[in-house]
Every structure is written in structure tokens, then in C-alpha cells.
Asks: 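Mind having a look at this structure? Questions to follow.
Quick caveat: nothing in here was measured; it's all calculated off a predicted structure.
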Amino acid sequence: MIRSSLGALALLAAATSASAQSAQEQLDTRYDRALAAGYKALFLCSALGNAERNGTARTPESVHDWELTGIQAPLDDIIRDLPYTVVRGEDGVIDHVEVTWDEAMPPRFAALYGDGGCSILPISATEYWANPARAGFDFTMPSSDERTAGDEQQPVRTRYRVSEVAKSAFKERYGEGTRSTAVIVTKNGDLHWDEYADGFDPKTPQRTWSVAKSIAATVVGAAAYRGEVDVSESAGLGIHIYDPRFNITVDHALRMASGRYSDTAGNRTDPLYWGGTTVTERAENWPLLHTPGTVYRYANNDTLAAVQAIEHTFEENPLAKLFAELGMYNTVAEADWEGNYVLSSQVWSTAQDLAKLGQLYLDDGVLPNGTRILPENWREYVSSPSGPQPAGRPFGYGAGFWLLNNSEGVPADTFAAFGNRGQYVVIVPSRNVVVVRRGEDPVGSRFDIATFTRDVLAALGN
């Protein structure tokens, strides 16, 4: 009797476990479809809307072929076949994008907020809306007649071998399966070479992905120069000053050394990026596992925490103002629907604009007109491995920038902004060179940026 009872209990437990697993699988499948729909809505809205803002054109087919192909599992198997609608206003400008994912639920909405780009709304939102919180920041860029002369870089002739190296980036020489969309090489502030894939041009913006983290470090630097933040002070996390998380500084956050828990390697932020949660909801409240400043763990939430620490500065100094100072007129920093910049990933920019970002660091934080906007030591600060370092990786980490300080044939002072799917801005102070490579590399392929940089520098000569 006892054995029979135990056997029955075991069978019941197994059946319950199988049922629970099945229910969880169904829940996960449903959630994946909702995320895939959000991913698609946001990319269609941003790629089309931001390109049109710059005076160039993309088509939904182009976005499907580039941005919506080769993405992470399981979304890649779902995303392409989801029905979508691009809704335009009477003026022909994109109003919003809707993507259907479930017959019983509202579509996912991504709305275009003028010069502020697009925001994805929460799952189950029944319509898009312009949240009043966004009104506090001015996303407007100067009109074309307000821009200073010389904003557009002009190409100059260079040696044939440089062009050959740049062109080879489009032929999978630096990574099987990689897909380059743009390459730019500058030296001494001159544009030595630029090359674009079919369907892309100098004014075609792409999502920067984590290159945005280096932009975030630049934004923090500008605030530090204005005296609005001290990176050695608390980032303001935690409930109050007695919360141990209050000891996390802005510097810790920029160096991925907050010590906070993150649920996945790389701290995937799908609920924020595609699910419609906000930075405030998702990024600020993770628990502490290590003493701040002692352990490196790459985490989107750390960059978002550093940006939230200077949020109070944006009303007077919105990012559009900084981009205008840099001549980055084709760059848009998008925000969540509540108005918080998503500066861990959600910036759309052109290759030429990113070259200007690199040039700012070559010029040690000084604009072409002689105006300083970053502290004098900021380049050294962001490129210094003074915090805990990534284990088992070929590159070191500074404050918002990766370090190419151990790459054969590449000067030790080289540092770079890296982003998902092959976004790179490489800065070589000792050679006064910037190398920008944009791509839409599928998951599983990797562009060899260190070797490409070495070959570009060799082709440039002294």
C-alpha cells in the first residue's frame, strides 16, 4: 500500500510537472511573439522615420532585409511574418507603426515623436499616445539654414590601397557572413574614404546599439565639464542614503562595475527595448551582489543608471543640443514612452556623424571652432582600464569605451565604441585616425575589427 501510494504520488508529480512545463512554454511562446512584434514595430518606425527626417529613404523591404534578418533567437523565426501597418498623417509623415501578434490582443505600437525618433509602447496599449513627460525635453534639431558652414565633411583623394582595404570590408574578408553597410576612414580630420552598401548613403541612419554607451559616456563628460556632475559621486540608486546601492558612483556605472545583479549575460533588456517598460521601471532597482567597483559585468542597466544620474541636466541641455554642437545633425537619441533616453542602445546615427564623435576625442574634447565641451582629461578617463576588467576577452574596458590595447599591429592607445551587429567607432590618437564600420551582421558572425583597423593603419602609412 505504501509503495502504491508513493508510485501514485510520483506519477501525479510527473504529470503536474509536465503540465506546468507545458503552461510555461506556452507563456514563453506568447511573450516571445509580443516581443518580436515590438521589435518589428520599433525598427520599422525608427528606420523609416529617422531616414526620412534626414532627407533620405528606406523601404519596409529594406528594413526586413537588413535590420530584421539574422537577429537573436527565438525572435528571428517569428518576426518576418508578423503583419504590420505603417500609418502616416495627412502630411505624409509617419505617425506610427502597428504590428499584429495575437488575434485577441491589440497590436504593438511604435510612435514617431518628431525629431525625438520613435518609442515602443507597452504590450496591450490600445493606441499610441504622446506622453506629457516627453515635453520636458527639446528634441528639435536646428534647421538647415541654422547650421554652420563646413558641417558636411568632404572626401579627399587618398592612396589606392586605402580604398582597397575599405572595399574589402564589404566582401566578408573580415568575417564570414558579415554584412557591412558603411565604412569611413578619417585622418587628421579629413575624410579619406567612405563606402556604402546598396541602399545606404551618407545620410542613412542605423541603430547604434551599444555604441550608444560611448555616446552616453560623452554626454556624462559634457555634464561634468559644465559642473553638473561629479563621476566620483553617487549615481543616486537605492531608496535612500542608507541603501548600500547608494554607494554606486557614476564612475562605477560607466565602467560596468556597479556590482548589481543582472539576469542574463550582457543584461539583455528586452522588456525595455521591445516590451514597452520604461527605464525607471527596469533599470534602477536591481539588487547588489558585489562591493561596487570590484567586479566587471557588462550590463545595459549600468549605462542607463549613469544617464539617469544626470537626467536633471537634460531640460537645459538636451541631447539634440549636444549633437548640434558636434555637427551630428543626422543623429537621434530615442527615449522610452515616458521620456527617458535609452542611451544603452537606442540611438540612430549615420557613419559620418559617428566619425565626428570620434574626431571629438582625437581633438581632446574640443570642437572645430575651439570650444571645449569635455574635461581636459576626459579622453584619458574613458580610455583608462582603471576599473575591474572583463575576464577572458581580447579587449579591455574603460568608461563607456572598449580598449584595443592588446591587439597586434594596433597602437596601444587605441580605444573604440562597439555595438551589436557590427557597429564600430575606432579612435587612434597616436595616428590621428578614426575608423567607422557599420553593419547588420547576423547572429553568429563577427567582424574582425582589430584586424581591419590594423590593415587600415598599414594602408594609411605614416
Asks: Check Asp76 against Leu68 and note the closest heavy-atom contact, atom names and distance.
Replies: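 Residues Asp76 and Leu68, closest heavy atoms: OD1-O, 4.3 Å.
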Asks: I need the minimum non-hydrogen distance between Lys203 and Thr350, along with the two atoms involved.
Replies: C-CG2, 3.6 Å
Asks: Side chains of Ser232 and Asp230: donor-acceptor distance under 3.5 Å anywhere?
Replies: yes
Asks: Ignoring hydrogens, what is the shortest heavy-atom contact between Leu112 and Cys45? Give both atom names and the distance.
Replies: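 Here Leu112 and Cys45 meet closest at N-SG, 3.8 Å.
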Asks: Looking at Trp66 versus Phe200, is the centre-to-centre ring distance below 6.0 Å?
Replies: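 Close enough - the centres of the two rings lie under 6.0 Å apart.
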Asks: To the nearest 0.5 Å, how far apart are NE2 in His192 and OG in Ser163?
Replies: 12.5 Å
Asks: Under a plain distance cut-off of 3.5 Å, with no hydrogens placed, do Asp251 and Thr249 share a side-chain donor-acceptor pair?
Replies: no
Asks: Please determine, by modelled atom types, if Ser262 and Arg297 share a side-chain donor-acceptor pair under 3.5 angstrom.
Replies: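 Distance-only check passes for Ser262 and Arg297.
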Asks: Classify the angle between the aromatic ring planes of Phe43 and Trp348 as parallel (below 30°), tilted (30 to 60°) or perpendicular (above 60°).
Replies: perpendicular
Asks: Measure from NZ or CZ of Arg207 to the centre of the six-membered ring of Tyr273 and say whether it is under 6.0 Å with the direction within 45° of the ring axis.
Replies: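 That pair qualifies as a cation-pi contact.
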Asks: Quickly, which of Arg260, Lys213, Arg245 forms a salt bridge (charged side-chain N to carboxylate O under 4.0 Å, His left out) with Asp302? Name it, please.
Replies: Arg260
Asks: State whether Arg80 and Asp65 are salt-bridged, where the test is any N-O pair (Lys NZ or Arg NE/NH1/NH2 against Asp/Glu carboxylate O) under 4.0 Å.
Replies: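 Asp65 and Arg80: salt-bridged.
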Asks: Is NZ or CZ of Arg437 both nearer than 6.0 Å to the six-membered ring centre of Phe452 and within 45° of the ring axis?
Replies: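 Cation-pi check for Arg437 and Phe452: fails.
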Asks: Locate the shortest heavy-atom distance separating Asp455 from Tyr174; write the atom from each residue and the value.
Replies: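 Of all heavy-atom pairs spanning Asp455 and Tyr174, the closest is OD2-OH, 2.7 Å.
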Asks: Side chains of Ser445 and Arg179: do they bring a donor and an acceptor to under 3.5 Å?
Replies: no
Asks: Distance check, rounded to the nearest 0.5 Å: Thr186 atom OG1 versus Gln359 atom CD?
Replies: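 Here the interatomic distance stands at 5.5 Å.
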Asks: Between Gln206 and Gln423, is any side-chain donor less than 3.5 angstrom from a side-chain acceptor?
Replies: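 No, no side-chain donor-acceptor contact under 3.5 Å.
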Asks: Any salt bridge between Asp336 and Arg282, counting N to O under 4.0 Å?
Replies: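 The answer is no: the pair does not qualify as a salt bridge.
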Asks: Would you say the ring centroid of Phe323 lies under 6.0 angstrom from that of Tyr329?
Replies: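 No, they do not, as the ring centres are separated by 6.0 Å or more.
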Asks: Is there a side-chain contact between Phe395 and Pro390, using heavy atoms and a 4.5 Å cut-off?
Replies: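 Of all side-chain heavy-atom pairs linking Pro390 with Phe395, none is under 4.5 Å.
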Asks: Between the side chain of Thr277 and the main-chain N/O of Leu272, is any donor-acceptor distance below 3.5 Å?
Replies: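 Yes, because the side chain of Thr277 sits within donor-acceptor range (under 3.5 Å) of the backbone of Leu272.
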Asks: Where the side chain of Arg255 meets the backbone of Tyr397, is there a donor-acceptor pair that is under 3.5 Å apart?
Replies: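 No, because the side chain of Arg255 does not come within donor-acceptor range (under 3.5 Å) of the backbone of Tyr397.
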Asks: Where do Arg431 and Asp413 land on the salt bridge (Lys or Arg N to Asp or Glu O under 4.0 Å) test, with the steps shown first?
Replies: CA-CA 10 Å; Arg431 296 287 299 276; Asp413 65 344; over 6 Å; no
Asks: Are Tyr31 and Trp274 near enough that their ring centres are under 6.0 Å apart?
Replies: no
Asks: Can you see whether Tyr298 engages Ser210 through a side-chain donor-acceptor pair at a distance of less than 3.5 angstrom?
Replies: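 Yes, side-chain donor-acceptor contact under 3.5 Å.
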Asks: Parallel, tilted or perpendicular for Phe418 and Tyr424, by the 30°/60° rule?
Replies: perpendicular
Asks: Taking all heavy atoms of Ala417 and all of Ser214, pick out the closest pair and write down the distance.
Replies: CB-OG, 3.1 Å
Asks: Could you tell me if the ring centre of Phe415 sits under 6.0 Å from that of Trp402?
Replies: no
Asks: How far apart are the closest heavy atoms of Pro205 and Thr56, and which atoms are they?
Replies: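 Minimum heavy-atom contact is CD-CG2, 4.4 Å.
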Asks: Give a yes or no answer on whether the side chain of Glu334 reaches the backbone of Cys118 with a donor-acceptor pair at less than 3.5 Å.
Replies: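 Yes, Glu334 side chain to Cys118 backbone: donor-acceptor pair under 3.5 Å.
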Asks: Does the side chain of Arg58 pick up a donor-acceptor pair with the side chain of Thr204 at under 3.5 Å?
Replies: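 No, no side-chain donor-acceptor pair sits under 3.5 Å.
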Asks: Please determine whether a side-chain nitrogen of the Lys or Arg among Arg446 and Asp441 lies less than 4.0 Å from a carboxylate oxygen of the Asp or Glu.
Replies: no
